[in-house]
Amino acid sequence: MKAKKVLFITTEMLPFVGESHNATMGRYLPQAIQDLGHEIRTFTPKWGNINERRNQLHEVIRLSGMNLIIDETDHPLIIKVASLQAAHMQIYFIDNDDYFMKRQITTNEAGEEYDDNGERAIFYARGVLETLKKLRWVPDVIHCHGWISALAPLYIKKAYQDEPSFCDAKVVFSVGADDLKKDLGRKSLGCIPFKGAVMEDVNDVCQTQYTQTELMKIATKFSDGIIIDKPEVDPSIVEYAKSIGVPVLAYQGEEYAQAYSDFYETVV
């Protein structure tokens, strides 16, 4: 089977947020893969620093409206879209008043990491997958990029394993540099279980702590392949991938598109 359709679950994208490695990859990787002949869809969080008017975001009523329950609290799921005309790409944004509205990517204005970053990752991953069900677009490969996408592989493989929209999709995860510095906390870890995803799925990885390293290992455990996105990644993540037999694509530098496309073909 060829990897004709590729879904990107990104952390951030140019030009909607400021320039960073994640934002640059979020913007240009999907376009590069599209230019190689793949059909794509792209999701990103609707961070609070995204100017909706300037970027012409608008809500998609037919996709919005459901509530996701996290820590026994209902959180409304809001879906917005915008287009990058020059690249012929439509971008879907996951939004929620509690987790994204008026809030930055990892830290507040004082530079302090949000205490609920773990719950934000849960909401984002589940929000993307619930929206994909409604779109009825069936990807061959789901490429997750960045910390806030890291729980999507777990939910795809365990909570939504029978969902026709993506139960047969292969999952690739890009491992990057450290965006989160502090422990995400046992409370956030305890919010992960949902449907077929249970604590036993993550306990072996998070025995003593739940930092970004453990988050990346959870993503690795439930992915069909990982890509080293930057040269300075935690080597323990690569060692973990190899120990459980998950294929690893080494860091490719700036000429990555064809290598990524070829890697997709090895996991489908």
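Of the residues listed (Phe16, Phe43, Phe8), the one engaging Tyr92 in a ring pair (Phe, Tyr, Trp, His ring centres under 6.0 Å) is Phe43, and it is the only one. With Cys206 as reference, Leu189 is the one residue of Asp183, Ile192, Leu189 to meet the side-chain contact (heavy atoms from CB on, under 4.5 Å) rule. When the options Met25, Met89, His38 are evaluated for a side-chain contact (heavy atoms from CB on, under 4.5 Å) with Pro30, the one that passes is Met89.
Checked by atom type and distance alone, the side chain of Thr266 pairs as donor or acceptor with a backbone atom of Phe263 at under 3.5 Å. With hydrogens and angles disregarded, a donor-acceptor distance shorter than 3.5 Å links the side chain of Gln252 to the backbone of Ala250. With hydrogens and angles ignored, the 3.5 Å screen pairs a side-chain donor or acceptor of Trp47 with a backbone N or O of Thr11. In this structure, Gln212 contributes its side chain and Trp147 its backbone to no donor-acceptor pair below 3.5 Å. Asp71 places no side-chain N or O within donor-acceptor distance of the main-chain N or O of Thr73, the cut-off being under 3.5 Å. Put simply, the side chain of Asp95 never gets that close to the backbone of Phe100: no donor and acceptor are under 3.5 Å apart. A donor-acceptor contact shorter than 3.5 Å is absent between the side chain of Ser261 and the backbone of Gln258.
Separating the SG atom in Cys167 from the OH atom in Tyr160 is a distance of 13.5 Å, to the nearest 0.5 Å. Lys158 NZ to Leu151 CG: the interatomic distance, rounded to the nearest 0.5 Å, is 13.5 Å. How far CD1 of Ile142 is from OG of Ser165: 9.5 Å, rounded to the nearest 0.5 Å. Of the inter-residue distances, the one linking Phe93 atom CZ with His58 atom NE2 reads 10.5 Å to the nearest 0.5 angstrom. Annotation: the span from Ile148 atom CD1 to Asn117 atom CG amounts to 7.0 Å, rounded to 0.5 Å. Separation of atoms CE (Met66) and NE2 (His75) is listed at 13.0 Å; rounding is to 0.5 Å.
For the residue pair Gln104 / Asn108, no side-chain donor-acceptor distance below 3.5 Å is found, with atom types taken as modelled.
When side chains are defined from C-beta on, Glu112 does not count as touching Thr107, because their heavy atoms never get closer than 4.5 Å. Between Lys46 and Glu52 the shortest side-chain heavy-atom distance falls below 4.5 Å. No side-chain heavy atom of Leu84 sits less than 4.5 Å from a side-chain heavy atom of Gln31. Taking the side chain as every heavy atom from C-beta outward, Lys181 and Glu113 approach each other to under 4.5 Å. In this structure the side chain of Val202 never reaches within 4.5 angstrom of the side chain of Tyr210, judged on heavy atoms. Looking only at side-chain heavy atoms (C-beta outward), Lys80 and Ile50 stay at 4.5 Å or farther from each other.
Hydrophobic clustering places Tyr251 together with Leu29 (ILVMFWY residues linked when any side-chain heavy atoms are closer than 4.5 Å, directly or through intermediates). Side-chain heavy atoms closer than 4.5 Å link hydrophobic residues (I, L, V, M, F, W, Y) into clusters, and following such links, even through other members, never connects Met101 to Ile79. Linking Ile, Leu, Val, Met, Phe, Trp and Tyr whenever their side-chain heavy atoms come within less than 4.5 Å leaves Leu184 and Tyr114 in two separate clusters. Both Val175 and Val238 belong to a common hydrophobic cluster when Ile, Leu, Val, Met, Phe, Trp and Tyr are linked at side-chain heavy-atom distances under 4.5 angstrom. Transitive grouping of hydrophobic side chains (ILVMFWY, heavy atoms separated by less than 4.5 Å) brings Ile244 and Leu154 into a common cluster.
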Exercise. Yes or no on side chain to side chain contact (heavy atoms under 4.5 Å, CB included) for Ile156 and Lys170, after CA distance, side-chain angles and deciding distance?
Worked result: CA-CA 9 Å; Ile156 292 166; Lys170 299 299 182 179; over 6 Å; no
Kindly determine whether Arg126 and Ile70 satisfy side chain to side chain contact (heavy atoms under 4.5 Å, CB included), including the steps that lead there. CA-CA 10 Å; Arg126 287 175 51 189; Ile70 299 173; 3.9 Å; yes
- Task: Just do the side chain to side chain contact (heavy atoms under 4.5 Å, CB included) check on Tyr99 and Ile94 with the steps written out, would you?
- Result: CA-CA 10 Å; Tyr99 292 132; Ile94 298 295; over 6 Å; no
(request) May I have the step-by-step check of side chain to side chain contact (heavy atoms under 4.5 Å, CB included) for Arg120 and Phe123, ending in yes or no? (result) CA-CA 5 Å; Arg120 297 169 89 201; Phe123 182 87; 5.7 Å; no
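Heavy atoms of other residues, nucleotides or ligands lying less than 6.0 angstrom from NZ of Lys4 number 12 at most. No more than 12 heavy atoms of other residues, nucleotides or ligands lie within 6.0 Å of CD in Gln56, so this atom counts as exposed by the packing criterion. Other residues, nucleotides and ligands place no more than 12 heavy atoms under 6.0 Å from the NZ atom of Lys242.
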Could you pull out all donor-acceptor pairs under 3.5 Å where a side-chain atom in residues 213-230 meets a protein atom, sequence neighbours excluded?
from: Thr213; atom 1: OG1; to: Asp234; atom 2: OD2; distance (Å): 2.8
from: Glu214; atom 1: OE1; to: Thr211; atom 2: N; distance (Å): 2.7
from: Glu214; atom 1: OE1; to: Thr211; atom 2: OG1; distance (Å): 2.5
from: Glu214; atom 1: OE2; to: Gln209; atom 2: NE2; distance (Å): 3.4
from: Thr220; atom 1: OG1; to: Met216; atom 2: O; distance (Å): 2.8
from: Lys221; atom 1: NZ; to: Asp201; atom 2: O; distance (Å): 2.8
from: Lys221; atom 1: NZ; to: Asp204; atom 2: OD1; distance (Å): 3.0
from: Lys221; atom 1: NZ; to: Asp204; atom 2: OD2; distance (Å): 3.1
from: Ser223; atom 1: OG; to: Ala219; atom 2: O; distance (Å): 2.6
from: Asp224; atom 1: OD1; to: Lys157; atom 2: NZ; distance (Å): 3.4
from: Asp224; atom 1: OD2; to: Lys157; atom 2: NZ; distance (Å): 2.8
from: Asp224; atom 1: OD2; to: Val171; atom 2: N; distance (Å): 2.8
from: Asp229; atom 1: OD1; to: His145; atom 2: NE2; distance (Å): 3.4
from: Asp229; atom 1: OD2; to: His21; atom 2: NE2; distance (Å): 2.6
from: Asp229; atom 1: OD2; to: His145; atom 2: NE2; distance (Å): 3.2
from: Lys230; atom 1: NZ; to: Glu232; atom 2: OE2; distance (Å): 3.3

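The shortest heavy-atom contact between Lys5 and Val138 is CD-O, 3.2 Å. Val233 and Gly176 make their closest contact through CG1-O, 3.5 Å (heavy atoms, listed as atom of the first residue, atom of the second, distance). Across all their heavy atoms, Cys191 and Tyr155 have their closest contact at O-OH, 4.4 Å. Taking each heavy atom of Met13 and Gly26 in turn, the nearest pair found is CE-O, 3.3 Å. When all heavy atoms are compared, the tightest approach of Pro15 to Asn55 is O-OD1, 4.3 Å. Of all heavy-atom pairs spanning Ala257 and Leu36, the tightest one is O-CD1, 3.7 Å.
Scanning for side chain to side chain donor-acceptor pair (under 3.5 Å) contacts around Ser83 gives an empty result, with sequence neighbours left out. Under the side chain to side chain donor-acceptor pair (under 3.5 Å) criterion, Ser188 pairs with Glu119, not counting sequence neighbours.
Between Glu130 and Lys133, at least one side-chain nitrogen of the basic residue sits less than 4.0 Å from a carboxylate oxygen of the acidic one, meeting the salt-bridge criterion.
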